[in-house]
2 protein chains.
Amino acid sequence: MSVPTIKFYVREGLLPAGELTSPNQASYGEAHVQRLRLVRALLDVGGLSVASIREVIVAVDDPERSVHKLLGTVAGGLVPSYGREPGDGIEEARKQVAALITSRGWRANPGSPAAEALAVALAALEEAGHGAFTEVLGAYADAAEAVARADLGYVAHNVAREQLVESVVVGTVVGDAIFSALRRLAQTDASDRMFGEAT
Amino acid sequence: MSVPTIKFYVREGLLPAGELTSPNQASYGEAHVQRLRLVRALLDVGGLSVASIREVIVAVDDPERSVHKLLGTVAGGLVPSYGREPGDGIEEARKQVAALITSRGWRANPGSPAAEALAVALAALEEAGHGAFTEVLGAYADAAEAVARADLGYVAHNVAREQLVESVVVGTVVGDAIFSALRRLAQTDASDRMFGEAT
DNA sequence: AAGTATGGATAGTGGGACTCTCCACTATCT
DNA sequence: AGATAGTGGAGAGTCCCACTATCCATACTT
(Lines give C-alpha, C1' and ligand atoms only; values in the text may rest on other atoms or scores of the structure.)
Protein backbone atom coordinates (compact mmCIF):
# COMPACT_ATOMS: atom_id res chain seq x y z
CA MET A 1 0.00 0.00 0.00
CA SER A 2 1.47 3.33 -0.97
CA VAL A 3 1.36 6.26 1.41
CA PRO A 4 -0.70 8.48 -0.91
CA THR A 5 -3.31 5.77 -1.22
CA ILE A 6 -3.63 5.54 2.53
CA LYS A 7 -3.94 9.28 2.75
CA PHE A 8 -6.63 9.10 0.13
CA TYR A 9 -8.55 6.53 2.15
CA VAL A 10 -8.30 8.68 5.25
CA ARG A 11 -9.68 11.63 3.34
CA GLU A 12 -12.49 9.50 1.97
CA GLY A 13 -13.42 8.35 5.45
CA LEU A 14 -12.55 4.70 4.94
CA LEU A 15 -9.78 4.81 7.47
CA PRO A 16 -9.58 6.75 10.75
CA ALA A 17 -6.80 9.32 10.94
CA GLY A 18 -3.75 8.42 12.99
CA GLU A 19 -3.26 9.85 16.44
CA LEU A 20 -1.30 13.08 16.10
CA THR A 21 1.80 13.12 18.23
CA SER A 22 2.94 16.42 16.77
CA PRO A 23 1.64 18.72 14.05
CA ASN A 24 3.00 16.54 11.35
CA GLN A 25 3.49 13.15 12.92
CA ALA A 26 0.77 10.66 13.58
CA SER A 27 0.93 7.15 14.90
CA TYR A 28 -1.01 4.20 13.57
CA GLY A 29 -1.74 0.97 15.34
CA GLU A 30 -2.87 -2.55 14.64
CA ALA A 31 -6.48 -1.38 14.37
CA HIS A 32 -5.58 0.77 11.41
CA VAL A 33 -3.89 -2.09 9.67
CA GLN A 34 -6.87 -4.32 10.32
CA ARG A 35 -9.24 -1.74 8.94
CA LEU A 36 -7.05 -1.30 5.94
CA ARG A 37 -7.18 -5.02 5.25
CA LEU A 38 -10.95 -4.90 5.49
CA VAL A 39 -11.09 -2.04 3.02
CA ARG A 40 -8.81 -3.82 0.57
CA ALA A 41 -10.85 -7.00 0.78
CA LEU A 42 -14.08 -5.15 0.08
CA LEU A 43 -12.47 -3.21 -2.71
CA ASP A 44 -10.50 -5.93 -4.48
CA VAL A 45 -12.53 -9.04 -3.92
CA GLY A 46 -15.91 -7.56 -3.21
CA GLY A 47 -15.65 -4.97 -5.96
CA LEU A 48 -17.40 -2.35 -3.85
CA SER A 49 -17.04 1.32 -4.60
CA VAL A 50 -15.33 3.63 -2.18
CA ALA A 51 -18.68 5.26 -1.47
CA SER A 52 -20.30 1.93 -0.56
CA ILE A 53 -17.42 1.01 1.64
CA ARG A 54 -17.76 4.27 3.47
CA GLU A 55 -21.40 3.50 4.23
CA VAL A 56 -20.50 0.08 5.52
CA ILE A 57 -17.69 1.48 7.66
CA VAL A 58 -19.94 4.08 9.18
CA ALA A 59 -22.48 1.40 10.07
CA VAL A 60 -19.80 -0.82 11.52
CA ASP A 61 -18.49 1.98 13.70
CA ASP A 62 -21.86 3.03 15.02
CA PRO A 63 -22.25 1.29 18.39
CA GLU A 64 -25.89 2.35 18.60
CA ARG A 65 -26.98 0.03 15.89
CA SER A 66 -28.30 -3.36 16.91
CA VAL A 67 -26.58 -6.31 15.34
CA HIS A 68 -29.62 -7.20 13.31
CA LYS A 69 -30.08 -3.68 11.96
CA LEU A 70 -26.45 -3.57 11.14
CA LEU A 71 -26.73 -6.74 9.17
CA GLY A 72 -29.56 -5.14 7.29
CA THR A 73 -27.52 -2.06 6.49
CA VAL A 74 -24.58 -4.12 5.45
CA ALA A 75 -26.61 -6.47 3.31
CA GLY A 76 -28.28 -3.45 1.75
CA GLY A 77 -25.13 -1.49 1.18
CA LEU A 78 -23.41 -4.48 -0.23
CA VAL A 79 -25.82 -5.07 -3.03
CA PRO A 80 -23.81 -4.62 -6.22
CA SER A 81 -26.25 -1.91 -7.31
CA TYR A 82 -26.74 -2.84 -10.91
CA GLY A 83 -26.93 -0.03 -13.41
CA ARG A 84 -29.95 2.24 -13.16
CA GLU A 85 -32.04 0.18 -15.58
CA PRO A 86 -35.62 1.07 -14.70
CA GLY A 87 -37.08 -1.28 -17.27
CA ASP A 88 -40.79 -1.82 -17.57
CA GLY A 89 -41.23 -5.49 -16.76
CA ILE A 90 -39.97 -4.65 -13.31
CA GLU A 91 -43.42 -4.52 -11.74
CA GLU A 92 -44.18 -8.09 -12.65
CA ALA A 93 -40.78 -9.12 -11.35
CA ARG A 94 -41.45 -7.37 -8.05
CA LYS A 95 -44.62 -9.36 -7.60
CA GLN A 96 -42.73 -12.52 -8.36
CA VAL A 97 -40.19 -11.66 -5.68
CA ALA A 98 -42.87 -10.83 -3.15
CA ALA A 99 -44.54 -14.15 -3.87
CA LEU A 100 -41.27 -15.98 -3.41
CA ILE A 101 -40.62 -14.31 -0.07
CA THR A 102 -44.08 -15.22 1.11
CA SER A 103 -43.96 -18.80 -0.08
CA ARG A 104 -40.58 -19.30 1.54
CA GLY A 105 -41.76 -17.74 4.74
CA TRP A 106 -38.79 -15.45 4.75
CA ARG A 107 -38.87 -12.61 7.19
CA ALA A 108 -37.62 -10.10 4.72
CA ASN A 109 -38.93 -6.84 3.44
CA PRO A 110 -40.06 -7.02 -0.21
CA GLY A 111 -38.85 -3.44 -0.56
CA SER A 112 -35.32 -4.10 0.65
CA PRO A 113 -32.38 -3.51 -1.65
CA ALA A 114 -31.82 -7.24 -1.97
CA ALA A 115 -35.39 -7.83 -3.05
CA GLU A 116 -35.18 -4.99 -5.50
CA ALA A 117 -31.93 -6.30 -6.90
CA LEU A 118 -33.56 -9.68 -7.39
CA ALA A 119 -36.48 -8.09 -9.17
CA VAL A 120 -34.15 -6.18 -11.47
CA ALA A 121 -32.23 -9.33 -12.31
CA LEU A 122 -35.41 -11.29 -13.01
CA ALA A 123 -36.75 -8.49 -15.17
CA ALA A 124 -33.51 -8.46 -17.12
CA LEU A 125 -33.80 -12.19 -17.67
CA GLU A 126 -37.32 -11.79 -18.92
CA GLU A 127 -36.30 -9.01 -21.26
CA ALA A 128 -33.40 -10.99 -22.59
CA GLY A 129 -35.84 -13.74 -23.49
CA HIS A 130 -34.76 -16.17 -20.81
CA GLY A 131 -37.73 -15.88 -18.54
CA ALA A 132 -37.86 -19.65 -18.32
CA PHE A 133 -34.78 -19.48 -16.16
CA THR A 134 -37.10 -18.84 -13.26
CA GLU A 135 -37.82 -22.55 -13.29
CA VAL A 136 -34.67 -23.02 -11.31
CA LEU A 137 -35.44 -20.28 -8.84
CA GLY A 138 -36.59 -22.82 -6.30
CA ALA A 139 -33.31 -24.69 -6.46
CA TYR A 140 -31.45 -21.41 -6.12
CA ALA A 141 -33.50 -20.44 -3.10
CA ASP A 142 -32.85 -23.79 -1.45
CA ALA A 143 -29.15 -23.31 -1.97
CA ALA A 144 -29.29 -19.72 -0.74
CA GLU A 145 -30.98 -20.86 2.44
CA ALA A 146 -28.32 -23.45 3.03
CA VAL A 147 -25.57 -20.94 2.49
CA ALA A 148 -27.23 -18.38 4.73
CA ARG A 149 -27.51 -20.95 7.49
CA ALA A 150 -23.83 -21.69 7.17
CA ASP A 151 -23.04 -17.98 7.21
CA LEU A 152 -24.99 -17.34 10.35
CA GLY A 153 -23.49 -20.38 11.98
CA TYR A 154 -20.06 -19.01 11.30
CA VAL A 155 -20.96 -15.55 12.46
CA ALA A 156 -22.29 -16.93 15.72
CA HIS A 157 -18.76 -18.04 16.62
CA ASN A 158 -17.55 -14.52 17.03
CA VAL A 159 -18.88 -13.06 20.21
CA ALA A 160 -17.00 -9.78 20.31
CA ARG A 161 -19.10 -7.26 18.46
CA GLU A 162 -16.25 -5.73 16.54
CA GLN A 163 -15.20 -9.13 15.23
CA LEU A 164 -18.76 -10.22 14.65
CA VAL A 165 -19.60 -7.26 12.50
CA GLU A 166 -16.49 -7.63 10.47
CA SER A 167 -17.07 -11.29 9.91
CA VAL A 168 -20.52 -10.47 8.61
CA VAL A 169 -19.21 -7.91 6.20
CA VAL A 170 -16.38 -10.04 4.98
CA GLY A 171 -18.53 -13.13 4.84
CA THR A 172 -21.20 -11.39 2.84
CA VAL A 173 -18.94 -9.77 0.30
CA VAL A 174 -16.14 -12.25 -0.05
CA GLY A 175 -18.69 -15.02 0.34
CA ASP A 176 -20.30 -13.88 -2.89
CA ALA A 177 -17.00 -14.14 -4.70
CA ILE A 178 -16.29 -17.54 -3.21
CA PHE A 179 -19.66 -18.93 -4.07
CA SER A 180 -19.44 -17.54 -7.54
CA ALA A 181 -16.11 -19.24 -8.10
CA LEU A 182 -17.37 -22.51 -6.65
CA ARG A 183 -20.37 -22.36 -8.93
CA ARG A 184 -18.10 -21.97 -11.93
CA LEU A 185 -16.09 -24.97 -10.88
CA ALA A 186 -19.17 -27.05 -10.25
CA GLN A 187 -20.58 -25.97 -13.59
CA THR A 188 -17.41 -26.96 -15.33
CA ASP A 189 -17.66 -30.34 -13.72
CA ALA A 190 -21.32 -30.77 -14.58
CA SER A 191 -20.72 -29.60 -18.12
CA ASP A 192 -17.86 -32.00 -18.54
CA ARG A 193 -20.05 -34.88 -17.41
CA MET A 194 -22.82 -33.81 -19.73
CA PHE A 195 -21.05 -32.69 -22.87
CA GLY A 196 -17.49 -33.82 -22.41
CA GLU A 197 -16.05 -35.89 -25.19
CA ALA A 198 -13.25 -38.36 -24.94
CA THR A 199 -9.87 -36.97 -23.85
CA MET B 1 -30.96 2.81 -26.21
CA SER B 2 -29.58 5.86 -27.93
CA VAL B 3 -28.26 5.65 -31.47
CA PRO B 4 -24.74 6.77 -30.55
CA THR B 5 -24.53 4.04 -27.93
CA ILE B 6 -25.46 1.41 -30.48
CA LYS B 7 -22.87 2.78 -32.87
CA PHE B 8 -20.39 2.53 -30.07
CA TYR B 9 -21.25 -1.12 -29.45
CA VAL B 10 -20.86 -1.89 -33.12
CA ARG B 11 -17.45 -0.29 -33.16
CA GLU B 12 -16.47 -2.22 -30.05
CA GLY B 13 -17.49 -5.46 -31.66
CA LEU B 14 -20.33 -6.22 -29.29
CA LEU B 15 -22.91 -5.94 -31.98
CA PRO B 16 -22.71 -6.93 -35.66
CA ALA B 17 -23.07 -4.09 -38.13
CA GLY B 18 -26.36 -3.78 -39.93
CA GLU B 19 -26.71 -4.98 -43.49
CA LEU B 20 -25.89 -2.09 -45.79
CA THR B 21 -28.63 -1.40 -48.32
CA SER B 22 -26.87 1.69 -49.58
CA PRO B 23 -23.70 3.54 -48.63
CA ASN B 24 -25.32 5.14 -45.68
CA GLN B 25 -28.32 3.03 -44.87
CA ALA B 26 -28.25 -0.23 -43.03
CA SER B 27 -31.02 -2.49 -41.87
CA TYR B 28 -31.21 -4.24 -38.56
CA GLY B 29 -33.29 -7.25 -37.66
CA GLU B 30 -34.54 -9.14 -34.68
CA ALA B 31 -31.18 -10.80 -34.20
CA HIS B 32 -29.60 -7.43 -33.57
CA VAL B 33 -32.18 -6.56 -30.99
CA GLN B 34 -31.68 -9.91 -29.29
CA ARG B 35 -27.94 -9.43 -29.21
CA LEU B 36 -28.40 -5.96 -27.85
CA ARG B 37 -30.52 -7.31 -25.03
CA LEU B 38 -27.84 -9.84 -24.24
CA VAL B 39 -25.20 -7.13 -24.12
CA ARG B 40 -27.31 -4.97 -21.84
CA ALA B 41 -27.99 -7.84 -19.48
CA LEU B 42 -24.30 -8.67 -19.21
CA LEU B 43 -23.42 -5.03 -18.77
CA ASP B 44 -26.10 -3.92 -16.32
CA VAL B 45 -26.84 -6.98 -14.30
CA GLY B 46 -23.67 -8.93 -14.79
CA GLY B 47 -21.41 -5.93 -14.39
CA LEU B 48 -19.05 -7.16 -17.09
CA SER B 49 -16.72 -4.79 -18.86
CA VAL B 50 -17.10 -4.12 -22.54
CA ALA B 51 -13.87 -5.99 -23.15
CA SER B 52 -15.10 -9.11 -21.34
CA ILE B 53 -18.36 -9.00 -23.21
CA ARG B 54 -16.49 -8.87 -26.48
CA GLU B 55 -14.60 -12.03 -25.57
CA VAL B 56 -17.79 -13.78 -24.69
CA ILE B 57 -19.47 -12.64 -27.88
CA VAL B 58 -16.59 -13.86 -29.99
CA ALA B 59 -16.75 -17.25 -28.33
CA VAL B 60 -20.50 -17.43 -28.78
CA ASP B 61 -20.22 -16.63 -32.47
CA ASP B 62 -17.47 -19.14 -33.16
CA PRO B 63 -19.21 -22.25 -34.51
CA GLU B 64 -15.98 -24.23 -34.31
CA ARG B 65 -16.00 -24.35 -30.58
CA SER B 66 -17.55 -27.38 -28.93
CA VAL B 67 -20.26 -26.64 -26.45
CA HIS B 68 -18.16 -27.78 -23.57
CA LYS B 69 -15.19 -25.67 -24.55
CA LEU B 70 -17.46 -22.76 -25.03
CA LEU B 71 -18.80 -23.19 -21.55
CA GLY B 72 -15.25 -23.14 -20.34
CA THR B 73 -14.47 -19.93 -22.18
CA VAL B 74 -17.60 -18.33 -20.98
CA ALA B 75 -17.13 -19.40 -17.39
CA GLY B 76 -13.55 -18.17 -17.58
CA GLY B 77 -14.32 -14.87 -19.22
CA LEU B 78 -17.12 -14.26 -16.83
CA VAL B 79 -15.02 -14.40 -13.74
CA PRO B 80 -15.27 -10.97 -12.17
CA SER B 81 -11.48 -10.65 -12.33
CA TYR B 82 -10.77 -9.19 -8.95
CA GLY B 83 -8.15 -6.48 -8.75
CA ARG B 84 -4.57 -7.49 -9.52
CA GLU B 85 -3.74 -8.36 -5.92
CA PRO B 86 -0.93 -10.91 -6.15
CA GLY B 87 -0.67 -11.31 -2.39
CA ASP B 88 1.66 -13.79 -0.81
CA GLY B 89 -0.65 -16.21 0.96
CA ILE B 90 -1.91 -17.12 -2.47
CA GLU B 91 0.16 -20.26 -2.77
CA GLU B 92 -1.36 -21.82 0.30
CA ALA B 93 -4.80 -20.88 -0.97
CA ARG B 94 -4.09 -22.53 -4.32
CA LYS B 95 -3.24 -25.77 -2.57
CA GLN B 96 -6.44 -25.52 -0.60
CA VAL B 97 -8.40 -25.09 -3.81
CA ALA B 98 -6.66 -28.01 -5.47
CA ALA B 99 -7.44 -30.15 -2.45
CA LEU B 100 -11.07 -29.14 -2.58
CA ILE B 101 -11.35 -29.99 -6.25
CA THR B 102 -9.82 -33.39 -5.63
CA SER B 103 -11.92 -34.19 -2.60
CA ARG B 104 -15.07 -33.22 -4.41
CA GLY B 105 -14.10 -35.23 -7.42
CA TRP B 106 -14.72 -32.26 -9.64
CA ARG B 107 -13.48 -32.52 -13.17
CA ALA B 108 -12.06 -29.05 -13.20
CA ASN B 109 -8.65 -27.65 -13.88
CA PRO B 110 -6.97 -26.24 -10.76
CA GLY B 111 -5.40 -23.62 -12.99
CA SER B 112 -8.66 -22.36 -14.46
CA PRO B 113 -9.74 -18.77 -13.90
CA ALA B 114 -12.47 -19.90 -11.55
CA ALA B 115 -10.03 -21.84 -9.41
CA GLU B 116 -7.66 -18.92 -9.38
CA ALA B 117 -10.45 -16.55 -8.41
CA LEU B 118 -11.37 -18.84 -5.56
CA ALA B 119 -7.76 -18.92 -4.40
CA VAL B 120 -7.55 -15.14 -4.48
CA ALA B 121 -10.73 -14.82 -2.46
CA LEU B 122 -9.56 -17.36 0.11
CA ALA B 123 -6.20 -15.64 0.38
CA ALA B 124 -7.96 -12.32 0.94
CA LEU B 125 -10.02 -13.87 3.69
CA GLU B 126 -6.94 -15.22 5.36
CA GLU B 127 -5.20 -11.87 5.11
CA ALA B 128 -8.19 -10.08 6.54
CA GLY B 129 -8.00 -12.35 9.54
CA HIS B 130 -11.07 -14.41 8.74
CA GLY B 131 -9.40 -17.59 7.68
CA ALA B 132 -11.81 -19.52 9.86
CA PHE B 133 -14.46 -18.77 7.29
CA THR B 134 -13.19 -21.73 5.38
CA GLU B 135 -15.10 -23.87 7.87
CA VAL B 136 -18.18 -23.25 5.81
CA LEU B 137 -16.52 -24.01 2.50
CA GLY B 138 -18.06 -27.47 2.47
CA ALA B 139 -21.55 -26.06 2.83
CA TYR B 140 -20.82 -23.58 0.08
CA ALA B 141 -19.56 -26.30 -2.22
CA ASP B 142 -22.65 -28.40 -1.58
CA ALA B 143 -24.83 -25.46 -2.48
CA ALA B 144 -22.74 -24.67 -5.53
CA GLU B 145 -23.14 -28.23 -6.76
CA ALA B 146 -26.87 -28.04 -6.35
CA VAL B 147 -27.03 -24.77 -8.23
CA ALA B 148 -24.81 -26.04 -11.01
CA ARG B 149 -27.03 -29.08 -11.43
CA ALA B 150 -30.04 -26.82 -11.73
CA ASP B 151 -28.19 -24.65 -14.24
CA LEU B 152 -27.25 -27.53 -16.45
CA GLY B 153 -30.74 -28.94 -16.19
CA TYR B 154 -32.08 -25.67 -17.47
CA VAL B 155 -29.51 -25.40 -20.20
CA ALA B 156 -30.35 -28.88 -21.42
CA HIS B 157 -33.82 -27.63 -22.37
CA ASN B 158 -32.49 -25.50 -25.15
CA VAL B 159 -31.46 -27.66 -28.02
CA ALA B 160 -30.69 -25.02 -30.62
CA ARG B 161 -27.05 -24.12 -30.21
CA GLU B 162 -27.55 -20.39 -30.47
CA GLN B 163 -30.15 -20.46 -27.75
CA LEU B 164 -28.19 -22.91 -25.68
CA VAL B 165 -25.09 -20.79 -25.64
CA GLU B 166 -26.98 -17.71 -24.77
CA SER B 167 -28.81 -19.40 -21.96
CA VAL B 168 -25.48 -20.46 -20.54
CA VAL B 169 -24.09 -16.97 -20.68
CA VAL B 170 -27.13 -15.36 -19.24
CA GLY B 171 -27.58 -18.07 -16.66
CA THR B 172 -24.02 -17.80 -15.50
CA VAL B 173 -23.88 -14.05 -15.22
CA VAL B 174 -27.38 -13.15 -14.21
CA GLY B 175 -27.48 -16.30 -12.11
CA ASP B 176 -24.72 -14.86 -9.97
CA ALA B 177 -26.72 -11.74 -9.36
CA ILE B 178 -29.86 -13.72 -8.59
CA PHE B 179 -28.14 -16.02 -6.18
CA SER B 180 -26.44 -13.12 -4.50
CA ALA B 181 -29.75 -11.39 -3.95
CA LEU B 182 -31.38 -14.58 -2.72
CA ARG B 183 -28.55 -15.08 -0.30
CA ARG B 184 -29.08 -11.60 1.10
CA LEU B 185 -32.74 -12.29 1.59
CA ALA B 186 -32.08 -15.63 3.25
CA GLN B 187 -29.47 -14.02 5.45
CA THR B 188 -31.89 -11.34 6.48
CA ASP B 189 -34.34 -14.02 7.42
CA ALA B 190 -31.79 -16.07 9.33
CA SER B 191 -30.48 -12.99 11.08
CA ASP B 192 -33.97 -11.98 12.07
CA ARG B 193 -34.59 -15.38 13.58
CA MET B 194 -31.29 -15.30 15.41
CA PHE B 195 -30.97 -11.72 16.58
CA GLY B 196 -34.37 -10.20 15.94
CA GLU B 197 -35.95 -8.50 18.91
CA ALA B 198 -39.62 -8.00 19.55
CA THR B 199 -41.60 -5.80 17.15
C1' DA C 1 -35.74 22.01 -52.53
C1' DA C 2 -35.69 22.00 -47.63
C1' DG C 3 -35.12 19.51 -43.72
C1' DT C 4 -33.83 15.60 -41.24
C1' DA C 5 -31.50 11.17 -40.54
C1' DT C 6 -27.72 7.77 -41.37
C1' DG C 7 -23.18 5.39 -41.25
C1' DG C 8 -18.63 6.14 -40.20
C1' DA C 9 -14.92 8.21 -37.57
C1' DT C 10 -12.62 11.26 -34.21
C1' DA C 11 -12.65 13.81 -30.22
C1' DG C 12 -14.64 14.99 -25.85
C1' DT C 13 -17.22 14.08 -21.24
C1' DG C 14 -18.06 12.57 -16.57
C1' DG C 15 -17.24 9.46 -12.89
C1' DG C 16 -14.20 6.74 -10.14
C1' DA C 17 -9.85 5.40 -7.98
C1' DC C 18 -6.10 6.68 -7.28
C1' DT C 19 -1.46 9.59 -7.75
C1' DC C 20 1.29 14.01 -7.95
C1' DT C 21 2.74 18.14 -6.23
C1' DC C 22 3.20 21.69 -2.73
C1' DC C 23 3.80 23.34 1.74
C1' DA C 24 5.74 23.91 6.32
C1' DC C 25 7.64 21.26 9.47
C1' DT C 26 9.89 17.17 11.99
C1' DA C 27 13.04 12.91 12.42
C1' DT C 28 17.06 11.04 11.58
C1' DC C 29 21.61 10.52 9.88
C1' DT C 30 26.61 12.09 10.12
C1' DA D 1 24.65 21.72 13.23
C1' DG D 2 23.58 20.74 8.71
C1' DA D 3 21.90 17.75 5.15
C1' DT D 4 18.52 14.59 3.80
C1' DA D 5 14.36 12.27 3.94
C1' DG D 6 9.79 11.78 5.46
C1' DT D 7 5.06 13.60 7.25
C1' DG D 8 0.16 15.29 7.35
C1' DG D 9 -2.91 17.91 4.84
C1' DA D 10 -5.22 19.38 0.62
C1' DG D 11 -5.93 20.59 -4.23
C1' DA D 12 -4.91 19.32 -8.87
C1' DG D 13 -3.77 15.99 -12.20
C1' DT D 14 -3.82 11.21 -14.30
C1' DC D 15 -5.70 7.12 -16.18
C1' DC D 16 -9.31 4.12 -17.44
C1' DC D 17 -13.88 3.30 -18.94
C1' DA D 18 -18.52 3.66 -20.77
C1' DC D 19 -20.45 6.46 -23.15
C1' DT D 20 -21.75 11.13 -25.90
C1' DA D 21 -21.04 15.02 -29.13
C1' DT D 22 -19.52 16.74 -33.30
C1' DC D 23 -18.36 16.38 -38.30
C1' DC D 24 -18.92 14.95 -42.85
C1' DA D 25 -20.89 13.43 -47.15
C1' DT D 26 -24.69 11.29 -48.59
C1' DA D 27 -29.55 9.55 -48.65
C1' DC D 28 -34.32 9.29 -47.33
C1' DT D 29 -38.79 12.29 -46.46
C1' DT D 30 -42.26 15.65 -47.67
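Predicted model, so just to flag it, every value in this text is computed and none were measured.
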Applying side-chain hydrogen bond (donor to acceptor under 3.5 Å, both in side chains), can you list everything that pairs with [X], at least two apart in sequence or on another chain?
X: A/Glu126; value: none
X: A/Asn109; value: none
X: B/Gln25; value: none

Of the candidate nucleotides C/dA17, C/dG8, C/dC20, which contains the atom at the shortest distance from the side chain of A/Pro4?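 Nearest listed nucleotide: C/dC20.
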Sequence-distant partners of B/Glu116, salt bridge (charged side-chain N to carboxylate O under 4.0 Å, His left out), two or more places apart: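 Testing B/Glu116 for salt bridge (charged side-chain N to carboxylate O under 4.0 Å, His left out), a comparison that skips the adjacent residues, returns B/Arg94.
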For B/Glu92, give me all partners under salt bridge (charged side-chain N to carboxylate O under 4.0 Å, His left out), at least two apart in sequence or on another chain.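 Per chain and number, B/Glu92 pairs via salt bridge (charged side-chain N to carboxylate O under 4.0 Å, His left out) with no residue.
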Solution key, residues 6-16 of chain B side-chain donor-acceptor pairs under 3.5 Å, sequence neighbours excluded:
unit_1  : atom_1 : unit_2  : atom_2 : d
B/Tyr9  : OH     : B/Arg40 : NH1    : 2.5
B/Glu12 : OE1    : B/Arg54 : NH1    : 3.2

Any side-chain donor-acceptor pair under 3.5 Å between A/Ser2 and A/Thr5?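 Looking only at side-chain atoms, A/Thr5 and A/Ser2 do form a donor-acceptor pair, the distance falling under 3.5 Å.
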List in numerical order all residues of residues 21-35 of chain A for which some heavy atom is under 4.0 Å away from an atom belonging to DNA chain C.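 Within residues 21-35 of chain A, the residues near DNA chain C are A/Ser22, A/Asn24, A/Gln25.
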For residues 5-19 of chain A, which residues have at least one heavy atom under 4.0 Å from DNA chain D?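 Only A/Lys7, A/Arg11 qualify.
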Non-neighbouring partners of A/Glu145 that pass side chain to side chain contact (heavy atoms under 4.5 Å, CB included), sequence neighbours left out: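 Checked A/Glu145 against side chain to side chain contact (heavy atoms under 4.5 Å, CB included); matches are A/Arg104, A/Trp106, A/Arg149, B/Ala186.
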